[in-house]
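Here's the structure we're looking at; comments come further down.
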Amino acid sequence: MVRVFGIDPGLTRCGFGVVDSAASRRVDLVAVDVVGSSSGQPLAERLFVIAEATDRWLERYQPEVLAVERVFSQTNLSTVMGVAQVSGIVMAAAARHRIPVALHTPSEIKAAVTGNGRADKTAVATMVARILRLDSLPQPADAADALALAITHSWRGGIGAAAAALGETGSAGTPGQRGARSGELMTPARKLWLEAEAKARKNQERSSRQWR
């Protein structure tokens, strides 16, 4: 079993989700919640609430890795700043606990969980519920996104498709449809996953060059 702690960063609502994944690609829910803070509070206090909650979850659930959504520029600068600040807080908490941090883009997460890199939040939540065998959709959306992050990292480097976790093996395919790993099918979801991952690496390299 590998335990992954996924965090969907946000100041008003910060999604927390912990899952256990097995070599069979089965993923089980361990815990999920949303940590909130009021917009009327000073920024430092809001960040402190999230920092304390992150420390508590790290100590209680002892994950092997922390997965966080990679911050991208958006039209609302204040929202981006808040997300970036929360991301820094939770990554620092992971460093204090000597836990590695993994960053995943929104398109990576959507492709891994639904097979569609442009899926909407309802589609993501629906697939998260199916993958984790939940009776209802995780609410609010921040909770579902945190679980999707954790699932994505659990599947990183593998097939990366919801069909695999749901036992949908698909057809045998031709040699050209198989991935580089022996016996790994190049399913549509797997292809989307690899494309999203490659795009994320290019964006990361571009950002690194800009800051040099």
Side-chain angles (χ1 to χ4, degrees), residues 3-19 29-113 119-122 124-125 128 137-154 156 196-197 199-201 203-204 206-208 210-211:
R3 178 161 291 183
V4 182
F5 182 8
I7 294 184
D8 180 48
L11 271 174
T12 303
R13 292 184 304 274
C14 186
F16 283 14
V18 179
V19 302
L29 173 66
V30 176
V32 63
D33 201 358
V34 172
V35 177
S37 62
S38 170
S39 59
Q41 292 178 273
L43 175 60
E45 291 183 9
R46 300 182 75 182
L47 293 173
F48 183 66
V49 168
I50 296 169
E52 277 201 317
T54 303
D55 278 328
R56 286 197 303 271
W57 277 55
L58 289 171
E59 292 168 2
R60 179 175 181 179
Y61 296 109
Q62 299 291 308
E64 275 79 29
V65 62
L66 177 71
V68 185
E69 184 173 306
R70 188 184 298 276
V71 180
F72 277 94
S73 297
Q74 301 175 18
T75 55
N76 190 332
L77 182 59
S78 61
T79 300
V80 174
M81 288 297 294
V83 170
Q85 288 164 334
V86 172
S87 297
I89 288 293
V90 301
M91 287 191 285
R96 284 196 300 274
H97 290 262
R98 300 292 189 270
I99 296 172
V101 174
L103 300 176
H104 297 283
T105 67
S107 58
E108 280 183 89
I109 298 162
K110 294 173 183 177
V113 175
D120 60 20
K121 286 187 175 293
T122 300
V124 172
V128 165
L137 301 186
Q139 296 291 339
D142 312 83
D145 288 345
L147 290 172
L149 261 164
I151 292 168
T152 296
H153 190 77
S154 297
R156 185 177 178 86
E197 197 172 45
K199 183 177 180 181
R201 283 197 299 269
N203 289 335
Q204 186 176 13
R206 189 180 301 113
S207 297
S208 298
Q210 289 174 348
W211 286 101

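Nothing fancy with the numbering, it's 1 onward along the sequence.
- Of the possible polar contacts, one joining the Arg46 side chain to the Ser38 backbone as a donor-acceptor pair under 3.5 Å is found.
- Within the 3.5 Å criterion, the main-chain N or O of Arg70 finds no donor-acceptor partner in the side chain of Thr105.
- Take Ala31 and apply the side chain to side chain contact (heavy atoms under 4.5 Å, CB included) test, not counting sequence neighbours, and it matches Trp57, Tyr61.
- To the nearest 0.5 Å, atoms CD1 (Ile7) and CD1 (Ile50) are separated by 9.0 Å.
- Among residues two or more places apart in sequence or in another chain, the side-chain hydrogen bond (donor to acceptor under 3.5 Å, both in side chains) test is passed with Arg96 by Asp55.
- Listed here is the closest heavy atom pair of Ala150 and Gly17: CB-O, 4.0 Å.
- Listed by chain and residue number, Asp120, Thr126 satisfy the side chain to side chain contact (heavy atoms under 4.5 Å, CB included) test with Thr122 (two or more places apart in sequence, or in another chain).
- Annotation for Leu147 and Val18: closest pair CD2-N, 4.2 Å, computed over non-hydrogen atoms.
- A search for ring pair (Phe, Tyr, Trp, His ring centres under 6.0 Å) contacts involving Phe48 returns nothing, not counting sequence neighbours.
- A search for side chain to side chain contact (heavy atoms under 4.5 Å, CB included) contacts involving Arg60 returns nothing, not counting sequence neighbours.
- For Ala148, the side chain to side chain contact (heavy atoms under 4.5 Å, CB included) partners two or more places apart in sequence, or in a different chain, are Ile109, Val113, Val124, Val128.
- Using a 4.5 Å heavy-atom cutoff, the side chains of Gln62 and His97 are not in contact.
- Using a 4.5 Å cut-off on side-chain heavy atoms (C-beta onward), Val4 and Ile151 make no contact.
- Considering only heavy atoms from C-beta on, Thr54 comes within 4.5 Å of Phe16 through its side chain.
- Taking the side-chain hydrogen bond (donor to acceptor under 3.5 Å, both in side chains) definition, one finds that Arg3 meets it with Asp20, sequence neighbours left out.
- Checked against side-chain hydrogen bond (donor to acceptor under 3.5 Å, both in side chains), Asp33 has no partners two or more places apart in sequence or in another chain.
- Note that CG of Leu58 and CZ of Arg98 are 13.0 Å apart. Values are rounded to the nearest 0.5 Å.
- Here Arg13 pairs with Asp142 under the side-chain hydrogen bond (donor to acceptor under 3.5 Å, both in side chains) rule; sequence neighbours left out.
- Remark: Lys110 NZ to Lys121 NZ distance equals 7.0 Å, nearest 0.5 Å.
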May I have the list of side-chain donor-acceptor pairs in residues 86-94 shorter than 3.5 Å, sequence neighbours left out?
residue	atom	partner	partner atom	Å
Ser87	OG	Val83	O	2.9

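- Within the structure, salt bridge (Lys or Arg N to Asp or Glu O under 4.0 Å) pairs that include any residue of residues 81-92 do not occur (at least two apart or interchain).
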